[in-house]
Amino acid sequence: MRPPTPRTPRSRRLRGKVATAATAVLLTLAMAAPAASRTEEPTHSYEVTGPRTAAQRTAVAATGASVDAVRRGSVVITADAAQAERVRRLGYSVRVLPGPPDRSDGRRAEPFDFPPADANYHNYAEAMAEINADIARYPSLMSKQVIGKSYEGRDIIAVKVTGAGTGTGTGTGPTGGAAVAAAARPEVLFTHHQHAREHLTVEMALYLLKEFGSKYGSDARVTKMLDSRVVWIVPDLNPDGGEYDIATGSYRSWRKNRQPNNGSSARGTDLNRNWDYKWGCCGGSSGSTGSETYRGTAPESAPEVKVVADFVRSRIVDGKQQIKAAIDFHTYSELVLWPFGWTYDDTAPGMTKDDRDAFAAVGKSMAASNGYTPEQASDLYITDGSIDDWLWGNQKIFAYTFEMYPNSSGAGGGFYPPDEVIDRETARNRDAVLQLLENADCMYRSIGKEAQYCR
Ligand code: CXA
Ligand code: CA
Ligand code: ZN
């Protein structure tokens, strides 16, 4: 089947103007439920009271629901009616929570645009325009590569940020003599927006680009890092899901991509269950197309995952992976997570005690700066096929997940915090990001073992 051509969203400059006939037609199209979603099971957010161990939460997730927040003795999930009934049959009490907030301000949103009260969020076109403007402003510092396309044909891009200064990897000797064999600059990867409804993570990418661009050459810490590292930012892994989530002006709480599934009316693969490491191994994902954590038909069956995995593999130079560390941004819960997700064990094949201790040392230090809670991913519940497990297990990249603001589903808006918090909650991670850059040349320094591992 041919993917539909992506619709170009309306510029926010047009917002408030009288709707043209074309806009009205578009709006009507966007509001009418497409064939697939008419038969797709509607989902709701629920509070589930009872589960208090990781094993109990894993059992809740095994119903096909997504576990969105973890508290002592309860969880918040997204589930359809059948999944909620399965959770009830586990013996837990299940209560429907309010749906996504109404941010319409009584005004009509343009199709494929954020609702008026959240206008400071960037839809796909706005994010791309912002990034292009940053690159035009700082052309010697940053550049863009289209690394592939989403299922519906939108560009997935990587922005490269690195300074022109003489840090690691530039190659003339101190006396101006012959070029010295240059140690390559350690590379650090930031990925954003695997899950459609986690829009704050795109804002995090835009923040990093603005911060790096505007502080390079004036802020000593930023300058030193960009002159000795290569930063890769993939600002939007799931543009199709993100656009679908906002298309009608009311948030849809969509999580997956928008790839159709053979023989099913349910669309989408959970990108963070589709990576090629212990895919589907351990009850941390679902084989049902209707599940919020559907793992896809095979590892990398989601084009978005294949595109980013191919990009990561392309950074292997002379047999050595150049990317040393990574953060994958999600919302919400205010957590710093490290692998593995597939096992409850701290150490496992491919994760020594020293590896684990270095993950934990840097993870805890980053969490001390942003106020998040540091823990191994499986302390929440088992996941398999996550990006962090693949980046570490397959590529030996020290990969973290940050679950951003808010802390809980109540006050902060869950997946939909108001746009007033964007500046504060993105800047909140500035120090943690710089810490990861500073540690990236030798993560084992954090446990006093630089000599053993990094000579
Ligand atoms: C997560 C992230 C990385 C490894 C294991 C677990 C949590 C993440 C998820 O389930 O993919 N939570 S979230 N953002 O609510 O979906
Ligand atoms: Ca607002
Ligand atoms: Zn997520």
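First listed ligand is number 1; within each ligand, the first listed atom is number 1. Note that these values count all heavy atoms, side chains included, but never hydrogens, waters or copies made by symmetry. Keep in mind the model is a prediction, meaning the values are calculated, not measured.
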Find out whether [X] and [Y] are in side-chain contact, i.e. whether some heavy atom of one side chain is under 4.5 Å from a heavy atom of the other.
X      : Y      : answer
Lys210 : Asp134 : yes
Gln194 : Glu304 : no
Asp155 : Tyr124 : yes

Just to confirm my output: which protein heavy-atom neighbour is closest to [atom], and how far is it?
atom                    : result
atom 1 (C) of ligand 1  : Leu337 CD1, 4.0 Å
atom 2 (C) of ligand 1  : Asn272 ND2, 3.6 Å
atom 10 (O) of ligand 1 : Tyr381 OH, 2.7 Å
atom 16 (O) of ligand 1 : Arg255 NH1, 2.6 Å
atom 6 (C) of ligand 1  : Thr383 CG2, 3.7 Å
atom 13 (S) of ligand 1 : Glu403 OE2, 3.4 Å
atom 3 (C) of ligand 1  : Thr401 OG1, 3.3 Å

Inset, instruction - Check step by step if ring pair (Phe, Tyr, Trp, His ring centres under 6.0 Å) holds for Tyr332 and Tyr416. - result: CA-CA 9 Å; Tyr332 61 95; Tyr416 301 101; 9.7 Å; no
Inset, instruction - Give the atoms of ligand 1, by number and element, whose distance to some non-hydrogen atom of Ala377 is under 4.0 Å. - result: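 Checking each atom against Ala377, I get 4 (C), 5 (C).
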Legend entry - Atoms in ligand 1 with a heavy atom of His330 nearer than 4.0 Å: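 Those of ligand 1 that fall under 4.0 Å from His330 are 14 (N).
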Inset, instruction - Determine, step by step, whether Phe190 and Trp232 satisfy the ring pair (Phe, Tyr, Trp, His ring centres under 6.0 Å) criterion, reporting the C-alpha distance in whole Å, the side-chain angles of both residues, the deciding distance to 0.1 Å, and the verdict. - result: CA-CA 6 Å; Phe190 299 101; Trp232 295 103; over 10 Å; no
Inset, instruction - Check if Glu198 has a non-hydrogen atom at a distance under 4.0 Å from any atom of ligand 1. - result: yes
Inset, instruction - Check whether any heavy atom of Gly341 sits under 4.0 Å from an atom of ligand 1. - result: no
Legend entry - Carboxylate-amine/guanidinium contact Asp441 Arg229, below 4.0 Å: yes
Legend entry - Lys/Arg-Asp/Glu bridge criterion (N-O < 4.0 Å) met for Asp354, Lys449: yes
Legend entry - Asp379, Asp388, Ile387, Thr331: member with heavy atom nearest to atom 15 (O) of ligand 1: Thr331
Legend entry - Residues, nucleotides or ligands: over 12 heavy atoms within 6.0 Å of Arg137 CZ: no
Inset, instruction - Take atom NZ of Lys306 as the centre, draw a 6.0 Å sphere, and report whether it contains more than 12 heavy atoms from other residues, nucleotides or ligands. - result: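 Not more than 12 within 6.0 Å, no.
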Inset, instruction - Give the contacting part of Arg273 toward ligand 1: side chain, backbone, both or neither, where contact means a heavy-atom distance below 4.0 Å. - result: side chain
Inset, instruction - Identify the two heavy atoms, one from Ala196 and one from His193, that lie closest to each other, and give their separation to 0.1 Å. - result: O-NE2, 2.7 Å
Legend entry - Ring center gap for His195 and Phe415 short of 6.0 angstrom: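 Judged by ring-centre distance (under 6.0 Å), His195 and Phe415 do not meet the cut-off.
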Legend entry - Phe359: which of Phe340, Tyr444, Tyr400 passes ring pair (Phe, Tyr, Trp, His ring centres under 6.0 Å):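 Single pass found, and it is Tyr400.
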Legend entry - the Ca ion (ligand 2) - name of the N/O/S atom of Glu420 that sits closest to it: OE2
Inset, instruction - Using a cut-off of 2.8 Å, find all protein N, O or S atoms closer to the Zn ion (ligand 3) than that distance. - result: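 Protein N, O or S atoms closer than 2.8 Å to the Zn ion (ligand 3): His195 ND1, Glu198 OE1, Glu198 OE2, His330 ND1.
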Inset, instruction - List the steps and the verdict of salt bridge (Lys or Arg N to Asp or Glu O under 4.0 Å) for Asp276 and Arg313. - result: CA-CA 12 Å; Asp276 192 6; Arg313 285 185 285 257; 5.4 Å; no
Inset, instruction - Just to the nearest 10 degrees, tell me the angle at the Ca ion (ligand 2) spanned by Asp419 OD1 and Ala117 O. - result: 100°
